[in-house]
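Read the structure below first, then the notes.
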Amino acid sequence: SNMSSKPVRALIMGPPGSGKGTVSERIVSTFKVTHLSSGDVLRSQIKEGTEVGLKAKAIVEKGGLVPDEVMIELIMAKMKELSGESWLLDGFPRTVVQAGKLGDKQELDVVINLDVPFDTIIDRISKRWIHPGSGKTYNLDFNPPKVPGKDDDTGEDLVQRDDDKPETVRQRLKQYEEMTKPLIDFYTKQGTLKSFSGTETNVIWPKVKDYLAKNFFKQ
Ligand code: G5P
Ligand code: MG
């Protein structure tokens with residue numbers, strides 16, 4: 001456990017649509033920690049048309065994985081900017097190679113694994129809308145925006161993600177099974193993994209919150 005004033009190094013993992021972004025938002029509004037989502041970083045690079053964005057666009061839209069070297073460089077640079085702060089990584093690492101590189105540089109305190117069934121995921125993703133500026137996520141059933149089609153905070157338009165088409169979601173789930181699920185073993189062996197299973201974020205979240213408050217974060 002880590003209840004000293006040392007910054008907390010946390011990771012959240014789970015299949016596409018398992019609620020990593022949603023739970024991360026709640027963690028950030030409860031504890032003092034900065035959220036770093038690899039998907040949000042990529043989507044903003046794509047939007048800005050940077051070199052990395054141009055390389056990543058076609059891969060992300062097809063539900064593939066961006067090459068390890070590209071991701072490692074991109075995320076490690078962002079992490080450097082947060083060196084004195086507690087952080088919560090979401091979506092990185094996503095392969096054993098990425099996890100090894102991260103581990104060379106940084107010890108982790110806790111890995112939260114969201115274990116949500118695939119049927120639940122498919123339904124959720126089809127109803128997801130996001131605010132491209134902030135990455136804030138909505139769902140037409142679960143947390144609809146106050147004004148249809150508009151972000152609660154800015155009033156700007158919401159969009160659907162280019163990779164949320166059903167055939168792309170299937171490809172992302174396949175990538176998860178093959179490339180990312182092995183990380184469950186990796187972090188179990190390391191002794192940092194804690195899994196939370198269920199179909200509803202509102203049921204999972206209080207358990208995550210208790211676990212983090214008891215072992216890692218001062219509130
Ligand atoms: P991302 O952006 O990391 P994924 O696929 O890992 O994408 P995603 O889709 O962002 O994960 P999430 O964050 O786990 O899902 O889930 P979420 O957005 O919080 O919730 C999903 C929906 O369900 C939302 O609409 C939410 O409101 C709703 N919801 C939540 N809880 C409930 C509930 O209890 N009930 C209901 N009804 N709804 C709920 O990565 C994208 C791509 O970037 C590349 C890859 O191409 C990847 O596919 N990439 C990388 N490539 C290589 N290496 C890396 N490290 C990479 N990182 C990203
Ligand atoms: Mg996400």
Side-chain angles (χ1 to χ4, degrees), residues 11-28 35-46 52-53 55-76 78-79 88-102 112-132 134-145 152 158-165 168-181 183 196-206 208:
L11 205 150
I12 188 162
M13 61 178 288
S18 56
K20 300 182 293 296
T22 306
V23 171
S24 294
E25 265 179 40
R26 295 182 187 193
I27 291 175
V28 166
H35 179 216
L36 181 53
S37 155
S38 58
D40 287 352
V41 171
L42 283 173
R43 283 183 287 279
S44 84
Q45 300 268 336
I46 291 171
V52 168
K55 266 194 225 164
K57 190 174 193 295
I59 299 169
V60 172
E61 278 175 10
K62 277 194 222 117
L65 291 181
V66 175
D68 286 332
E69 321 80 71
V70 176
M71 290 313 299
I72 289 162
E73 208 178 296
L74 188 63
I75 300 302
M76 295 297 214
K78 295 273 175 197
M79 279 170 55
L88 171 66
L89 276 182
D90 161 2
F92 179 93
R94 222 185 185 89
T95 66
V96 171
V97 171
Q98 292 177 17
K101 268 283 177 330
L102 174 65
I112 296 158
N113 179 48
L114 302 180
D115 177 19
V116 176
F118 281 10
D119 291 350
T120 306
I121 285 169
I122 306 269
D123 177 63
R124 280 181 186 183
I125 289 186
S126 68
K127 294 167 187 157
R128 167 162 59 190
W129 289 77
I130 65 160
H131 174 237
S134 64
K136 195 174 159 70
T137 302
Y138 300 86
N139 179 282
L140 299 183
D141 294 334
F142 177 64
N143 60 338
D152 288 352
L158 301 178
V159 300
Q160 287 196 289
R161 276 171 46 174
D162 288 330
D163 61 343
D164 276 352
K165 300 179 201 72
T168 314
V169 172
R170 274 196 295 278
Q171 180 59 23
R172 285 160 58 199
L173 287 167
K174 191 166 160 255
Q175 290 283 3
Y176 170 80
E177 281 290 317
E178 286 169 12
M179 303 304 290
T180 309
K181 220 174 166 193
L183 294 185
F196 298 88
S197 305
T199 56
E200 287 173 65
T201 297
N202 288 343
V203 176
I204 290 178
W205 162 241
V208 174

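No experiment lies behind these values; they were computed from the predicted model shown. Remember, it's 1-based here, ligands and their atoms both numbered in the order they're listed.
- Interface of E200 with ligand 1, defined as ligand atoms under 4.0 Å from a residue heavy atom, comprises 34 (O).
- Considering backbone and side-chain N/O atoms, D164 never comes within less than 3.5 Å of an N/O atom of ligand 1.
- When heavy-atom distances to ligand 1 are checked against a 4.0 Å cut-off, V23 has no atom that comes that close, whether in backbone or side chain.
- Panel note: side chain K20, backbone P15; a donor-acceptor pair is recorded below 3.5 Å.
- Atoms CG and CD, from L65 and Q171 in turn, are 9.0 Å apart once rounded to the nearest 0.5 Å.
- Polar contact check, D90 against ligand 1: no nitrogen or oxygen pair lies under 3.5 Å apart.
- Distance check: L11 CG to N113 CG gives 10.0 Å after rounding to the nearest 0.5 Å.
- Looking at R26 and N202, their side chains come closer than 4.5 Å, going by heavy atoms from C-beta outward.
- Residue contact check: G21 has heavy atoms under 4.0 Å from atoms 12 (P), 13 (O), 19 (O) of ligand 1.
- Taking only nitrogen or oxygen atoms, main chain and side chain alike, D163 does not reach within less than 3.5 Å of ligand 1.
- Short contacts between ligand 1 and T201, defined as distances under 4.0 Å to a heavy atom of the residue, involve ligand atoms 30 (C), 31 (N), 32 (C), 33 (C), 34 (O).
- Ligand 1 places these atoms under 4.0 Å from at least one heavy atom of Y138: 24 (C), 25 (O), 27 (O).
- Assignment of G19 to the shell around ligand 1 is supported, since a heavy atom sits closer than 4.0 Å.
- Rounding to the nearest 0.5 Å gives a distance of 8.0 Å between CZ of F92 and CG of D68.
- With hydrogens left out, the protein atom closest to atom 11 (O) of ligand 1 is K20 NZ, 3.1 Å, a heavy atom.
- The backbone N or O of G63 lies less than 3.5 Å from no partner atom in the side chain of T168, so there is not a single donor-acceptor pair.
- Using a 4.0 Å cutoff on heavy atoms, R161 counts as a contact of ligand 1.
- Under the side-chain contact (heavy atoms from CB on, under 4.5 Å) criterion, T120 pairs with V116, P117, R124, T199, not counting sequence neighbours.
- Under the side chain to side chain contact (heavy atoms under 4.5 Å, CB included) test applied with E177, the options K181, M179, K174 reduce to a single match, K181.
- At the top of the distance list for atom 35 (N) of ligand 1, counting protein heavy atoms only, stands F142 CD1, 3.4 Å.
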Set out, in order, the CA-CA distance, both residues' side-chain angles and the distance that settles side-chain contact (heavy atoms from CB on, under 4.5 Å) for L102 and L89, then state yes or no.
CA-CA 11 Å; L102 174 65; L89 276 182; 3.9 Å; yes
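- Against a heavy-atom cut-off of under 4.0 Å, M71 is close to the following atoms of ligand 1: 52 (C), 53 (N), 54 (C), 55 (N), 56 (C), 57 (N).
- Between the CE atom in M76 and the NZ atom in K101 there is a gap of 8.0 Å [rounded to 0.5 Å].
- The line from OG of S24 to CG of L88 is 4.5 Å long, rounded to the nearest 0.5 Å.
- Polar contact check, W129 against ligand 1: no nitrogen or oxygen pair lies under 3.5 Å apart.
- Of all the atoms in ligand 1, the ones that sit under 4.0 Å from a non-hydrogen atom of Q98 are 52 (C), 53 (N), 54 (C), 55 (N).
- With ligand atoms numbered from 1 in the order given, ligand 1 contributes 56 (C), 57 (N), 58 (C) to contacts under 4.0 Å with heavy atoms of S38.
- The shortest contact between atom 49 (N) of ligand 1 and any protein heavy atom is with L42 CD1, 3.4 Å.
- Below 3.5 Å of separation, one finds no N or O of N202 facing any N or O of ligand 1.
- Those atoms of ligand 1 with a heavy atom of T22 less than 4.0 angstrom away are 17 (P), 19 (O), 20 (O), 26 (C), 30 (C).
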Intermediate values then yes/no, side-chain contact (heavy atoms from CB on, under 4.5 Å), L183 and V96
CA-CA 6 Å; L183 294 185; V96 171; 4.0 Å; yes
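- Taking only nitrogen or oxygen atoms, main chain and side chain alike, G91 reaches within less than 3.5 Å of ligand 1.
- On a distance-only criterion, V66 and ligand 1 share at least one N/O pair closer than 3.5 Å.
- Among the atoms of G17, some N or O lies under 3.5 angstrom from an N or O of ligand 1.
- The shortest heavy-atom distance from R43 to ligand 1 is under 4.0 Å.
- For atom 22 (C) of ligand 1, the nearest protein heavy atom (residue, atom name, distance) is R124 CB, 4.1 Å.
- Close N/O approach between R128 and ligand 1 is found [any backbone or side-chain N/O within under 3.5 Å].
- Side chain of T137 to main chain of G135: a donor-acceptor pair is present (N/O by atom type, distance under 3.5 Å, no hydrogens or angles).
- Results of the side chain to side chain donor-acceptor pair (under 3.5 Å) test with R128 over D164, T22, N139 single out D164 as the only residue that passes.
- Scanning all protein heavy atoms for the shortest distance to atom 6 (O) of ligand 1 gives R94 NH2, 2.6 Å.
- Among all protein heavy atoms, the one lying closest to atom 45 (C) of ligand 1 is G64 O, 3.3 Å.
- Note that the CD1 atom of I112 and the CG atom of D115 stand 14.0 Å from one another [nearest 0.5 Å].
- Residues L114 and T201 have side chains not in contact (no heavy-atom distance under 4.5 Å, counting atoms from C-beta outward).
- For ligand 1, the polar-atom distance check finds no N/O of D40 at less than 3.5 Å from any of the ligand's N/O atoms.
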